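Data block below; observations after.
In what follows, chains carry the letters A, B, and so on, assigned in the order in which the sequence lines appear, proteins first and then strands, with residues in each chain numbered from 1. Here the structure is a predicted model, which means the values were calculated and not measured.
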Protein chains: 2
Amino acid sequence: MPAGNTQFSIAVHLLAGLGYLAGQEITSGELAASINTSPSFVRRVLSKLSKAGLVRATPGKAGACSLGRRANDISLLEIYKAVGASQIFSIHAYPVQKTCPVSCSIKSSLGKILDKIEKTLEKDLAKISLAEVIADIKRK
Amino acid sequence: MPAGNTQFSIAVHLLAGLGYLAGQEITSGELAASINTSPSFVRRVLSKLSKAGLVRATPGKAGACSLGRRANDISLLEIYKAVGASQIFSIHAYPVQKTCPVSCSIKSSLGKILDKIEKTLEKDLAKISLAEVIADIKRK
DNA sequence: TATAATGTTACTGTTAAAGTAACAATATGC
DNA sequence: GCATATTGTTACTTTAACAGTAACATTATA
């Protein structure tokens, strides 16, 4: 269980599970058991998804979770953003050395390039819907 | 400072510096001063770049570093790989819950998709050369 | 009102990476 | 040859993000 964007893959897992049930409700405890982790952690991720509207959760006794929207209308990008995945590229934050032209402009020059690449990646993520993931799971 | 692919941006910074000098040699100590960090750290990154052939370093007294290849022939992807940047997406490694179909196939289903996206990103990185970064720096 | 769920917060442990220092290897020049 | 200044490597320390956990607040149901 290393570093990285594990939360993103967990979120997809959770949502795929919810989508698999096609509207049927399920509790965070059951989901946690399915993923093999603690209910607390699942709830924390679910909470983010809930705020993003991807999950509909009803509190109180007999509360439960279900997909907040049709799986067709949920893109991987939305999931990615919902869990607040960190930036792919991060630029070092050393203080600028004024006498060095590279030091002075590397941040803006490289940043511009990386932003564009990140945008492309987001566009790719936006193209893929949760429904595709679920379909692939059902295929097996 | 925090986590992330800082080494990648540092590597680009170093290489841009070397490219900016157009063949002129420079020591790791001077580079470190320019980046505002310790020579040790710079050397560790330089060492990786050197092994990848992106930097030519001569050891011994009066040793120094220079660009190993023309900036035009160095892509950001090479730099990215040279510093051994971690995978962008990582999938959670919980044990599979055999009774859950989602748990059983999420890893392969999602993995397939993310691999494809990562490939696209690499293709984008491959398109950009160090020379472009340097040109942008000189423009200012 | 008891209960069972979500939602939130705070705490702990673990891990990866930054940062540092020390040392080995190497070549130069006297 | 020997002192020296560099690269190259290794080991250690520190730091920060995140997984993981537990406890508690909130909410609605019966």
### Message
Looking at dA17(C), I'd like to know if its phosphate oxygens (OP1 or OP2) sit under 4.0 Å from a side-chain N or O belonging to Gln7(B).
### Response
no

Phosphate OP1/OP2 of dA19(D) contacted by Thr37(A) side-chain N/O (<4.0 Å) = no

Applying a 4.0 Å non-hydrogen cut-off, can you work out what [X] is touching in the nucleic acid: base, sugar-phosphate, or nothing?
X        : result
Thr27(B) : sugar-phosphate
Ser28(A) : sugar-phosphate
Ser38(B) : base
Lys48(A) : nothing

Taking Asn36(A) for its side chain and Pro95(B) for its backbone only, find out whether a donor-acceptor pair lies under 3.5 Å. yes

Exercise. Verify, without hydrogens or angle tests, whether Thr58(A) (side chain) and Ala64(A) (backbone) share a donor-acceptor contact under 3.5 angstrom.
Key: yes

Of the candidates dT21(D), dT20(C), dG8(D), the side chain of Arg44(B) sits closest to dT20(C)

Does any donor atom in the side chain of Thr6(A) or His92(B) lie under 3.5 Å from an acceptor atom in the other side chain? no

Quiz prompt | N-O pairing of Asp124(B) and Lys127(B) below 4.0 Å | solution = yes

Protein-nucleotides 26-28 of chain C N/O pairs under 3.5 Å:
unit_1	atom_1	unit_2	atom_2	d
dT26(C)	O2	Gly60(B)	N	3.3
dA27(C)	N3	Lys61(B)	N	3.3

